[in-house]
Amino acid sequence: MRDTQRVVLITGGSGGLGRALARSFARNGSPVVITSRNKSRLEAVAAEINREGGHALALSCDVGQKDAVERLASDVENQVGSVEVLINNAGIAPAVSFLEMPDSVWHEVLNINLSGTYNCCKTFLPAMIRSRWGRIINIASTTAKVAYSHVSAYTSSKHGVLGLTRSLALESAKAGVTVNAICPGYLDTQLTHKSAVLMAQKTGKTVAEVINIFAGTSPQNRLIAPEEVASLALLLASDKAAAITGQAINVDGGAVMV
């Protein structure tokens with residue numbers, strides 16, 4: 001993307017994958033706007049990028065609230081310009097069996113993971129269509145294609161994100177906009193390690209044993225580095241990937257081959 005330093009918006013920008021995405025795009029010369037609900041961590045990521053010579057702006061926002069996303073759009077437009085690359089990365093993944101899951105967990109997961117993606121697409125896609133150029137990259141999961149136990153809400157939300165990705169790709173195909181999903185496996189991030197702690201508490205296994213189970217779901221027997229996902233995002237956001245749309249690309253070490 002060095003020849004076209006597009007304005008990039010990354011939701012969930014305070015987490016491990018969000019940080020990797022933001023650093024990768026900033027290193028390629030793009031002005032990056034990162035957003036999440038965690039203002040302090042968000043500002044820390046932006047400060048790190050700016051110290052490295054990049055251009056990052058931290059704006060807190062709850063993507064599950066449509067009016068908050070609309071205010072975010074106004075702030076970004078005023079301070080940086082129109083969003084040309086939207087990366088919907090915000091998400092939560094609480095682990096609980098279906099029958100033990102409170103209704104509140106179901107609604108929160110669907111609101112952030114699926115409705116949050118919808119809110120951002122609905123808000124930022126119109127300007128992309130008007131300018132006849134845009135990239136939407138939805139961070140889904142291998143759970144967008146296959147099911148895992150104890151994450152029924154998360155799995156449902158990511159299946160929904162994949163459906164939305166495909167529909168939007170069809171509707172925007174003639175407008176110079178591509179819409180794709182990246183489906184990572186278990187990432188080597190704080191969120192995965194937090195999930196391992198919770199599973200260890202429930203199963204009596206050690207955290208290390210649970211991490212090994214996560215890694216063992218991949219034929220490569222390892223967790224996925226966030227930077228590997230970021231590298232694919234850079235490609236999908238480039239002009240070289242103009243013919244790639246409506247796709248859901250796995251980055252999982254061969255765990256899911258569909």
Got a sec: does the CG of Asp103 have more than 12 other heavy atoms crowding it under 6.0 Å? no

Measuring from atom OG of Ser97 to atom NZ of Lys202, what distance do you get when rounded to the nearest 0.5 angstrom? 7.0 Å

Check: Ile249 and Asn180 side chains under 4.5 Å, non-hydrogen atoms: no

ILVMFWY network linking Val151 to Leu198, side-chain heavy atoms under 4.5 angstrom: no

Run the salt bridge (charged side-chain N to carboxylate O under 4.0 Å, His left out) test against Arg222 and tell me which residues pass, sequence neighbours left out. Glu228

Heavy-atom distance under 4.5 Å between the side chains of Thr178 and Leu236, does that happen here? no

Is the terminal nitrogen or CZ of Arg130 (NZ for Lys, CZ for Arg) located under 6.0 angstrom from the six-membered ring centre of Trp133 and within 45° of that ring's axis? no

Considering only heavy atoms from C-beta outward, does the side chain of Gln65 approach that of Asn111 to under 4.5 Å? yes

Considering residues at least two apart in sequence or located in another chain, which fulfil the side chain to side chain donor-acceptor pair (under 3.5 Å) criterion with Asn113? Ser157

Side-chain contact, heavy-atom cut-off 4.5 Å: His193 with Asp188? yes

Spatial distance of atom OG (Ser238) from atom CZ (Arg6) [nearest 0.5 Å]: 10.5 Å

Rounded to the nearest 0.5 Å, what's the gap from CG on Leu232 to CD1 on Ile182? Could you check? 4.0 Å

Can you list every ring pair (Phe, Tyr, Trp, His ring centres under 6.0 Å) pair that touches residues 218-244, not counting sequence neighbours? none

Drop me the distance from Leu235's CG to Ile244's CD1, to the nearest 0.5 angstrom. 5.5 Å

Please confirm whether the backbone N or O of Ala46 pairs with a side-chain atom of Asn50, one donor and one acceptor, at under 3.5 Å? yes

Please check if Val109 and Met101 belong to a single hydrophobic cluster, counting links between Ile, Leu, Val, Met, Phe, Trp and Tyr side chain heavy atoms closer than 4.5 Å. yes

If you count heavy atoms of other groups shown closer than 6.0 angstrom to CZ of Phe98, is the number above 12? no

Is there a donor-acceptor contact under 3.5 Å from the side chain of Thr35 to the main chain of Cys61? yes

Does some side-chain heavy atom of Ser36 sit less than 4.5 Å from a side-chain heavy atom of Arg41? no

Sorted by chain and number, sequence neighbours left out, salt bridge (charged side-chain N to carboxylate O under 4.0 Å, His left out) with Arg37 holds for none

Just by distance, do the side chain of Lys158 and the backbone of Ile139 share a donor-acceptor pair under 3.5 Å? yes

Which residue pairs satisfy the side chain to side chain donor-acceptor pair (under 3.5 Å) criterion with at least one member in residues 207-219, sequence neighbours excluded? Thr206-Glu209

Examine distances only and state if a side-chain atom of Asn138 and a backbone atom of Ala140 form a donor-acceptor pair shorter than 3.5 Å. no

Sequence neighbours excluded, which residues qualify as ring-ring contact (aromatic ring centres under 6.0 Å, His included) partners of Tyr154? none

So, Thr192 side chain and Leu187 main chain: donor-acceptor pair closer than 3.5 Å or not? yes

Single-linkage hydrophobic cluster, 4.5 Å side-chain cutoff, Leu110 and Leu99 together: yes

Heavy-atom side-chain contact between Arg135 and Asp239 under 4.5 Å: yes

Note: with side-chain heavy atoms under 4.5 Å as the link, the other cluster members for Met257 come out as none

Donor-acceptor under 3.5 Å (Asn88 side chain, Cys120 main chain): no

Greater than 12 external heavy atoms within 6.0 Å of Gln190's CD: no

Rounded to the nearest 0.5 Å, what separates atom SG in Cys183 from atom CG in Leu162? 6.0 Å

Distance check, rounded to the nearest 0.5 Å: Ile112 atom CD1 versus His107 atom NE2? 13.5 Å

For residues 37-85, the ring pair (Phe, Tyr, Trp, His ring centres under 6.0 Å) pairs (sequence neighbours left out) are none

Taking all heavy atoms of Ala233 and all of Phe25, pick out the closest pair and write down the distance. O-CZ, 3.7 Å

Cluster overlap Val256 with Val251, hydrophobic side-chain contacts below 4.5 Å: no

Backbone of Ile213 reached by a side-chain donor or acceptor of Lys205 within 3.5 Å: no

Contacts of type salt bridge (charged side-chain N to carboxylate O under 4.0 Å, His left out), residue Lys66, not counting sequence neighbours: Glu70

Using the rule given for salt bridge (charged side-chain N to carboxylate O under 4.0 Å, His left out), can you reason through Arg71 versus Asp75, listing the C-alpha separation, both sets of side-chain angles and the distance that settles it, and then say yes or no? CA-CA 6 Å; Arg71 289 194 298 271; Asp75 291 340; over 6 Å; no

Is there a donor-acceptor contact under 3.5 Å from the side chain of Arg132 to the main chain of Lys174? yes

Does either side chain, that of Ser14 or that of Asn38, offer a donor lying less than 3.5 Å from an acceptor on the other one? no

Return the minimal non-hydrogen interatomic distance between Pro226 and Ala20, and the atom names on each side. CB-CB, 3.6 Å

Okay, side chain of Asp252, backbone of Pro184: is any donor-acceptor separation there less than 3.5 Å? no

Determine whether Arg23 and Glu48 make a side-chain contact, defined as any pair of heavy atoms from C-beta on separated by less than 4.5 Å. yes

Within the distance-only criterion (no hydrogens, no angle test), does the side chain of Thr11 pair as donor or acceptor with the backbone N or O of Asn89 below 3.5 angstrom? yes

Heavy-atom nearest pair, Ile34 first then Gly13, reads CB-CA, 4.1 Å

Linking Ile, Leu, Val, Met, Phe, Trp and Tyr through side-chain heavy atoms less than 4.5 Å apart, which residues share a cluster with Leu191? none

Can you pull out every ring pair (Phe, Tyr, Trp, His ring centres under 6.0 Å) where at least one residue sits in residues 196-244? Sequence neighbours excluded, please. Tyr186-Phe214

State plainly whether one hydrophobic cluster holds both Val85 and Val161, where clusters connect Ile, Leu, Val, Met, Phe, Trp and Tyr through side-chain heavy atoms under 4.5 angstrom apart. no

Who else is in the cluster with Tyr118 when I, L, V, M, F, W and Y are joined by side-chain contacts under 4.5 Å? Val7, Leu9, Val33, Leu57, Leu59, Val63, Val69, Leu72, Val76, Val80, Val83, Leu86, Phe124, Leu125, Met128, Ile129, Ile136, Leu164, Leu168, Val177, Val179

